[in-house]
Amino acid sequence: MTINREDGRAKRALVTGVSSGIGEAIAQRLLADGWEVVGLSRSQPAVQAERLKHKAVDLADRSALAAVLREVRGLDAIVHAAGILRVGRLGELDPENGREMWRLHVDAAEQIVEALVPSLPDGARIVLLGSRTATGSPGRAQYAATKAAVIGMARSFAIELAPRQITVNVLAPGATDTPMLRDPRRASVPPKMPPIGRLVKPEEIAATAAFLLSDGAASITGQQIIVCGGASL
């Protein structure tokens with residue numbers, strides 16, 4: 001599939017977290033579909049392609065991210081896929097974990113959209129990565145709080161941007177087979193296997209993201225799309 005603008009050029013998406021997991025899978029899917037991708041991550045992505053322009057940046061560093069965003073123009077879509085998971089039950093919560101997740105999931109998303117939305121064309125797409133956990137989960141209160149905030153922020157952005165036909169949606173995976181899921185720092189709160197009997201594949205999340213960026217999703221905005229293998233049933 002080749003994705004072209006009316007002027008014949010390939011459409012261009014900013015994707016964060018392209019060096020691993022869901023962000024990497026989304027970048028690969030968009031490249032396969034003909035998009036140009038501007039990828040943000042701290043480390044170099046494994047995928048190499050002429051249409052992938054990687055910019056090394058620590059999204060936790062507001063000043064560094066601002067400098068990179070000033071260099072980015074000509075986008076048709078934004079996908080904020082970077083994320084971390086820190087766990088902890090009541091009585092052992094670390095406030096620094098909460099601040100770290102808030103910065104990456106909520107504050108960085110706000111900073112990216114705030115900086116780039118003035119230059120987006122009408123009809124552009126914004127997808128923010130949420131989580132099925134946003135409704136609450138034992139041992140993941142801080143993480144759930146940040147992902148719940150993403151939903152409220154995305155819906156607010158969607159209302160404001162609707163007159164420009166710019167859609168804003170949250171893509172909320174359940175337990176997905178990524179390096180984050182195998183992080184030893186979350187060993188005290190292991191993932192639960194979905195009813196389908198396997199973890200969600202990053203490629204499945206990427207396929208859903210690609211749909212939300214497509215012409216066929218032009219009327220979907222302000223929504224949370226859950227991909228969880230039946231775990232929400």
Side-chain angles (χ1 to χ4, degrees), residues 1 15-30 32-33 46 79-93 97-98 101-102 104-106 109 125-155 158 167-214 216-217 219-233:
M1 181 188 301
V15 181
T16 66
V18 294
S19 62
S20 181
I22 291 173
E24 179 182 37
I26 290 173
Q28 289 178 326
R29 173 58 187 260
L30 294 182
D33 284 352
V79 182
H80 182 46
I84 55 173
L85 173 62
R86 302 287 182 263
V87 299
R89 295 181 182 274
L90 281 172
E92 57 185 42
L93 294 176
N97 285 342
M101 287 187 286
W102 183 271
L104 186 56
H105 301 157
V106 185
R125 303 279 187 270
I126 299 172
V127 174
L128 307 179
L129 261 290
S131 172
R132 191 186 76 86
T133 303
T135 55
S137 179
R140 301 179 180 90
Q142 294 166 311
Y143 178 79
T146 67
K147 293 300 188 178
V150 168
I151 298 170
M153 184 170 64
R155 287 178 61 82
T167 67
V168 186
N169 291 291
V170 175
L171 177 50
T176 305
D177 189 9
T178 66
M180 189 173 77
L181 201 71
R182 298 184 288 274
D183 189 332
R185 284 173 289 188
R186 64 161 296 165
S188 63
V189 187
K192 295 181 179 179
M193 190 64 67
I196 62 172
R198 63 167 176 83
L199 299 173
V200 177
K201 299 177 182 178
E203 296 79 12
E204 294 167 335
I205 305 301
T208 307
F211 169 68
L212 290 173
L213 268 56
S214 72
S219 295
I220 301 174
T221 193
Q223 303 304 308
Q224 178 182 218
I225 311 299
I226 298 176
V227 183
C228 66
S232 300
L233 297 174

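Source: prediction; values computed, not measured.
Distance CD1/Ile225 to CD1/Ile205: 11.0 Å, rounded to 0.5 Å. Atoms CD1 and CD, on Ile151 and Gln224 in that order, are 3.5 Å from each other to the nearest 0.5 Å. Distance OG1/Thr146 to CE/Met153: 10.0 Å, rounded to 0.5 Å. Rounding to the nearest 0.5 angstrom, the gap separating the CG atom in Asn97 from the CG atom in Leu85 is 9.5 Å. Distance check: Phe211 CZ to Arg125 CZ gives 9.5 Å after rounding to the nearest 0.5 Å. Here the straight-line distance linking atom CZ of Arg86 with atom CD of Gln142 works out to 11.0 Å at 0.5 Å rounding.
Lys147 contributes a side-chain N or O that, together with a main-chain N or O of Leu129, makes up a donor-acceptor pair within less than 3.5 Å. Asn169 contributes a side-chain N or O that, together with a main-chain N or O of Ile220, makes up a donor-acceptor pair within less than 3.5 Å. Thr221 places a side-chain N or O within 3.5 Å of a backbone atom of Val168 that can act as its donor or acceptor partner. One N or O on the side chain of His80 and one on the backbone of Leu104 form a donor-acceptor pair closer than 3.5 Å. For the pair His105 (side chain) and Ile84 (backbone), a donor-acceptor distance under 3.5 Å is present. At least one donor-acceptor pair closer than 3.5 Å links the side chain of Thr16 to the backbone N or O of Ala82. At least one donor-acceptor pair closer than 3.5 Å links the side chain of Arg155 to the backbone N or O of Gly222. In this structure, Ser19 contributes its side chain and Gly17 its backbone to no donor-acceptor pair below 3.5 Å.
Counting all heavy atoms, side chain and backbone alike, Ala206 lies closest to Ala25 at CB-O, 3.4 Å. When all heavy atoms of Ala154 and Leu128 are compared, the closest pair comes out as CB-CD1, 4.1 Å. Considering every non-hydrogen atom in both Gly174 and Thr176, the closest pair reads O-OG1, 2.8 Å.
Looking at heavy atoms from C-beta onward, Leu199 lies in side-chain contact with Met193 at the 4.5 angstrom threshold. At least one side-chain heavy atom of Val227 sits under 4.5 Å from a side-chain heavy atom of Leu171. Using a 4.5 Å heavy-atom cutoff, the side chains of Ile22 and Thr178 are in contact. The shortest side-chain heavy-atom distance between Glu24 and Pro202 does not fall under the 4.5 Å cut-off.
Sorted by first and then second residue, the side chain to side chain donor-acceptor pair (under 3.5 Å) pairs involving residues 198-211 (not counting sequence neighbours) are Arg198-Glu204.
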